[in-house]
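Counting begins at 1 with the first residue of the sequence.
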Amino acid sequence: MPLLLLLVLLVLCSPYEAASQRFAYQHYRQSNGLPAQQVRAVTKGKSGALWVGTDDGLFRFAGQDFTSYNSLLESHYVRAFAQKENGDLLFCNDTGIHLLVEEGDSARIEPLISASFTPNDSTQFYPNTLYYDLGGILWFGQPDGRLARWND
């Protein structure tokens with residue numbers, strides 16, 4: 001009896017069972033609609049649409065096509081996203097940190113923190129990472145090795 005049980009377990013755990021599973025996925029490249037070659041960040045917005053930050057700008061994907069928001073940006077090099085508690089998104093690029101507020105099938109962008117090549121008390125040095133901690137404080141890294149925090 002123990003030998004029969006062992007045989008049944010071996011058959012159930014065989015690699016043939018695992019190999020029969022199929023996972024569906026779709027690659028998006030420039031050849032089939034992705035408007036950029038380098039994707040830096042992806043996040044889901046309040047509406048359920050995906051926001052894609054690339055070396056060539058900010059794009060919204062709601063399941064069919066990529067919509068560009070580059071006309072609203074001074075710098076198209078989007079590096080990272082962070083989501084506020086209310087669901088609004090922040091993103092950073094070479095001009096600073098911006099608020100992205102979804103409004104139906106569209107969005108508006110508001111600058112929050114400015115960035116420049118020569119940072120001072122009111123600007124930062126090209127933020128490239130964003131993170132909200134449990135206390136609601138935004139932390140962001142900068143390529144010169146500095147870490148900053150901001151509580152709005």
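- Minimum heavy-atom separation, Ile97 to Cys92: CG1-CB, 4.1 Å.
- Residues Leu72 and Ile109 share a closest heavy-atom pair of CB-CD1, 3.9 Å.
- Contact of the Arg40 side chain with the Tyr77 side chain is registered, since non-hydrogen atoms from C-beta on lie closer than 4.5 Å.
- Across all non-hydrogen atoms, the minimal contact from Ala80 to Asn128 is CB-O, 3.8 Å.
- Between Trp139 and Tyr132, a ring centre-to-centre spacing not shorter than 6.0 Å is recorded.
- For the residue pair Gln30 and Ala36, the shortest heavy atom distance occurs at CG-O, 3.5 Å.
- When the side chains of ILVMFWY residues are joined at heavy-atom separations under 4.5 Å, either directly or via intervening members, Ile113 and Leu130 end up in a single hydrophobic cluster.
- Using a 4.5 Å heavy-atom threshold, the side chains of Asp88 and Leu100 count as separate.
- Contact annotation: the side chain of Arg79 approaches that of Asp94 to within less than 4.5 Å [non-hydrogen atoms, C-beta and beyond].
- Looking at Asn93 and His76, their side chains never bring a donor and an acceptor atom within 3.5 Å of each other.
- Contact check for Lys84 versus Leu138: no side-chain heavy atoms found under the 4.5 Å cut-off.
- No side-chain donor-acceptor contact under 3.5 Å links Glu74 and Thr95.
- In this structure, Phe66 and Tyr28 have perpendicular ring planes: the angle between them is above 60°, well past the 30° mark.
- Counting heavy atoms from C-beta on, the side chains of Arg60 and Glu102 come closer than 4.5 Å.
- The shortest side-chain heavy-atom distance between Leu50 and Phe59 does not fall under the 4.5 Å cut-off.
- Residues Trp51 and Leu58 are in side-chain contact: their nearest non-hydrogen atoms beyond the backbone lie under 4.5 Å apart.
- At a cut-off of 3.5 Å, with distance as the only test, no side-chain donor of Thr54 or Asp56 sits close to an acceptor on the other residue.
- For Lys46, the NZ atom is densely surrounded, since the number of other residues' heavy atoms within 6.0 Å is greater than 12.
- Counting heavy atoms from C-beta outward, Phe91 and Leu73 have side chains that approach closer than 4.5 Å.
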